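The structure appears below as structure tokens.
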Amino acid sequence: MNNSGCDCCSDKSEKLLPLADALEKITSSLTATQATEVTPLRQSLGRILADNIHSPIDIPPHRNSAMDGYALCSGEITEHNQKLQLIGTSWAGKPWQGKAKPGQCIRIFTGAVVPACFDTVVMQEKVEREGETISFPFPTLADKNIRLPGEDIRKDEQLLEIGRQLTPADLGTIASMGISEVRIKQKLRVAFFSTGDELRSIGELLNEGDIYDSNRYSLYGMLKRLNIELLDMGVIPDERRAVEAAFLAAAKNADAIITSGGVSVGEADFVTETLEKLGQVNLWKIAMKPGKPLAYGTIQETAFFGLPGNPVSAMVTFYQVVRPALLKMMGAGDKKTLRLKLPCNQTIKRAPGRIEFQRGVLKQSDDGELCVTPLTGQGSHILSSMSKADCFIIIPAECAEIAAGEVVVVEPFDSII
Ligand code: AMP
Ligand code: MG
């Protein structure tokens, strides 16, 4: 049993919006940035590709050897222990330029051009050499140990698509085509701040009732991983005028604003009220746990996301709602996050009604089988659970109990972080 649920969700009469509906409403209202820039290849890591990439050349560009060995005509060795005369060497980057006559072969190294007069390569370990005479123990077949031009990528083939977030392998692949610069989407600018009179920044003293502002740090990390340009606006007190001034400054300077706290309907919660005054707002109670309240709207042209203040709620809402929205704004293509089906090795009992993102730890048995264990502290204030966990266990809204050993859907943090 694992349900310390401390978000209050007792009011069954309130209208909760399914998470999928909220996501659909948000992503369909947002458009991808059209602004692009050209950057040296290395600086494009993690950025969003703005042009399709076609290879201007065949890769590999030439027929070359896959082995260190001997290049020859396969028709010459039809019986055991036939011999050929060694007449030259083809090195990687220094092709052999000679002409072979019947009865001759050359030494060849991995990556070296296979001269047109030869049709096969025999591995060096398989032959015997005595001076300039090479003895081949077995008959040879054509086309062995030869890499063909275009075998990896053909000339003009489109390999990478607009919207791709470039990986280390992509950088290498683009370099293999001889391309030095790529067109990418410009970085999104996101302004973010925390709201709450109780919040102190690191370095300040805590008075009674104060806590350190952690959301701005987890938000910083999550945004940084998306390669976003950040505008950290600090902590804003629960005062109408201060919240309003922060909203206006943020809207002027950013493509999106993210706040945390103050989106409930408490007396000190000015976020939604201010958004209503300055722009357009939807305050949704999303049927998800943790992270029920979410404010979404616009101020002028700027998208606005008001996250709940509880630290786990803020992170879960970011990953499940804001991240896909920002990816759409960044021009990233639709890439599904990895979700696995794995047995859960503990019973989970809970109140049904909201999709839940429990924090879990993946375990691998000695024979390699994966399973997941939910952490014990699942309250939306237990931020350490996000550090201890390496995945979300996603429990469907209607599910009231998961029996130990039952298969659950798991989202590894590695695929979203
Ligand atoms: P609120 O959404 O403003 O009602 O806050 C809900 C809970 O989250 C309260 O316990 C707040 O103290 C806490 N909280 C709000 N903002 C932050 C923050 N930036 N860092 C850590 N805790 C926060
Ligand atoms: Mg507050």
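Only a predicted model underlies this, so the values are computations on that prediction, with no experimental measurement involved. We count ligands from 1, going down the list as the structure has it; atoms in each ligand are counted the same way.
The single protein non-hydrogen atom nearest to atom 22 (N) of ligand 1 is Ile211 CD1, 3.4 Å, given as residue, atom name and distance. For atom 10 (O) of ligand 1, the closest non-hydrogen atom on the protein side is Asn310 OD1, 4.2 Å. Looking at atom 12 (O) of ligand 1, its nearest protein heavy atom turns out to be Glu198 OE2, 2.5 Å. Among protein heavy atoms, the minimum distance from atom 21 (C) of ligand 1 is reached at Ser214 OG, 3.3 Å. The protein heavy-atom contact nearest to atom 17 (C) of ligand 1 is Asn215 ND2, 3.3 Å.
Sorted by first and then second residue, the salt bridge (Lys or Arg N to Asp or Glu O under 4.0 Å) pairs with a member in residues 163-186 read Asp51-Arg183, Arg164-Asp170; sequence neighbours excluded.
Glu37 has a carboxylate O that lies under 4.0 Å from a charged side-chain N of Arg47, or vice versa, which qualifies the two as a salt bridge.
With sequence neighbours left out, Phe247 forms a ring pair (Phe, Tyr, Trp, His ring centres under 6.0 Å) with Phe193, Phe304.
No side-chain heavy atom of Glu369 sits less than 4.5 Å from a side-chain heavy atom of Gln364. In this structure, the side chains of Ser65 and Thr110 stay at 4.5 Å or more apart for every pair of heavy atoms.
The shortest heavy-atom distance from Ser260 to ligand 1 is under 4.0 Å.
Contact atoms of ligand 1 toward Asp213: 18 (C), 19 (N), 20 (N) (distance under 4.0 Å to a heavy atom of the residue).
A donor-acceptor contact closer than 3.5 angstrom links the side chains of Lys363 and Thr373.
Both tests pass for Arg107 against the ring of Tyr70: distance under 6.0 Å to the centre and angle within 45° of the axis.
Note on ring orientation: taking the six-membered ring where Trp is involved, the planes of Tyr319 and Phe392 are perpendicular (angle over 60°, cut-offs 30° and 60°).
Of the options Ser194, Gly262, Ser201, the smallest heavy-atom separation from atom 3 (O) of ligand 1 is shown by Gly262. Taking each of Ser264, Gly309, Gly261 in turn, the one with a heavy atom nearest to atom 4 (O) of ligand 1 proves to be Ser264.
Contact annotation for Pro311 and ligand 1: only side-chain heavy atoms (C-beta onward) come within less than 4.0 Å of the ligand. Within the 4.0 Å heavy-atom criterion, neither part of Arg216 lies near ligand 1.
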